[in-house]
Amino acid sequence: LPVIGRSSRDLLGDHRKNMERQRIFAQGRAAQKTAATRFPMPQRLSNGEYVTAKYWGISKQQIQDLFDRCRADDLWQDEDTVNDFVTKFVRPMTADKGLEMGVALMLN
């Protein structure tokens, strides 16, 4: 049945995006099964699907936004190391959420 208001090009694009998501999730599930003996471990999304490192990306703008947000925090100190940054900002963002997901996937 035709979908009112949607062109066939839009529908085809949606179908392709859905197929790509399914392919990504299938790769993640396969990687999760073998991760017990190899690294990196795939990250798990909130819907339970796994995503491999191939898709752990973050844009320059997302880095800038994260930097600005952290720098505005009272915990920020200009002399901090990357280890300090991870301890003060990254771990609290990703911990205790019941997920196995890093910052890049949380932002995307």
Side-chain angles (χ1 to χ4, degrees):
L1 295 170
V3 178
I4 298 173
R6 303 283 317 268
S7 71
S8 58
R9 184 184 310 188
D10 290 340
L11 293 173
L12 182 58
D14 289 349
H15 176 71
R16 286 183 178 150
K17 288 177 188 174
N18 187 44
M19 294 300 292
E20 177 67 10
R21 275 180 70 102
Q22 294 305 315
R23 187 181 63 75
I24 291 169
F25 294 157
Q27 289 175 349
R29 286 188 296 273
Q32 192 274 333
K33 289 178 183 176
T34 61
T37 59
R38 292 188 244 167
F39 290 96
M41 177 80 167
Q43 294 184 11
R44 187 169 49 95
L45 301 176
S46 58
N47 67 1
E49 294 289 357
Y50 287 90
V51 179
T52 63
K54 177 179 178 181
Y55 301 101
W56 301 346
I58 186 169
S59 70
K60 289 179 184 178
Q61 185 61 54
Q62 287 172 316
I63 292 170
Q64 184 66 53
D65 294 344
L66 177 63
F67 174 74
D68 292 343
R69 185 175 37 193
C70 293
R71 194 154 188 215
D73 193 294
D74 290 338
L75 293 174
W76 181 268
Q77 293 181 345
D78 286 338
E79 62 275 2
D80 280 350
T81 65
V82 171
N83 189 47
D84 295 329
F85 175 78
V86 169
T87 300
K88 289 180 178 181
F89 301 104
V90 175
R91 284 191 185 140
M93 286 174 62
T94 59
D96 300 326
K97 305 262 190 257
L99 302 174
E100 299 161 9
M101 186 183 342
V103 172
L105 286 181
M106 291 179 80
L107 295 176
N108 293 300

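In this chain, residues are counted from 1 in sequence order.
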Between the side chain of N18 and the main-chain N/O of H15, is any donor-acceptor distance below 3.5 Å? no
Start with the C-alpha distance between V103 and Q62, add both sets of side-chain angles, then the distance that settles side chain to side chain contact (heavy atoms under 4.5 Å, CB included), and finish with yes or no. CA-CA 10 Å; V103 172; Q62 287 172 316; over 6 Å; no
Check W56 against A104 and note the closest heavy-atom contact, atom names and distance. C-CB, 4.2 Å
Treating Q43 as the side-chain partner and V51 as the backbone partner, does any N or O pair qualify as donor plus acceptor under 3.5 Å? no
Taking atom CZ of R69 and atom CZ of F89, what is their separation to the nearest 0.5 Å? 10.5 Å
Short N-O contact, E20 and R23, less than 4.0 angstrom: yes
Between D74 and W76, is a side-chain hydrogen bond (donor to acceptor under 3.5 Å, both in side chains) present by the stated rule, with each step listed? CA-CA 5 Å; D74 290 338; W76 181 268; over 6 Å; no
Search all heavy atoms of T94 against all heavy atoms of M106 and return the closest pair with its distance. CG2-SD, 3.7 Å
Can you confirm whether F85 sits close enough to T87 that some side-chain heavy atom of one is under 4.5 Å from a side-chain heavy atom of the other? no
Once rounded to the nearest 0.5 Å, what's the spacing between atom CG of L107 and atom CD1 of I58? 5.0 Å
In this structure, CG of D80 is separated from CG of L75 (nearest 0.5 Å) by 9.0 Å
If I take atom CG from residue D14 and atom NZ from residue K17, how far apart are they, to the nearest 0.5 angstrom? 6.0 Å
Heavy-atom closest pair, residues E49 and F25: OE1-CB, 3.4 Å
Please test D78 against R71 for side chain to side chain contact (heavy atoms under 4.5 Å, CB included), starting from the C-alpha separation and ending with a verdict. CA-CA 8 Å; D78 286 338; R71 194 154 188 215; 3.6 Å; yes
Results of side chain to side chain donor-acceptor pair (under 3.5 Å) for Q61 - residues two or more places apart only: D65
Could you walk me through whether K88 and D73 pass the salt bridge (charged side-chain N to carboxylate O under 4.0 Å, His left out) test, one step at a time? CA-CA 10 Å; K88 289 180 178 181; D73 193 294; over 6 Å; no
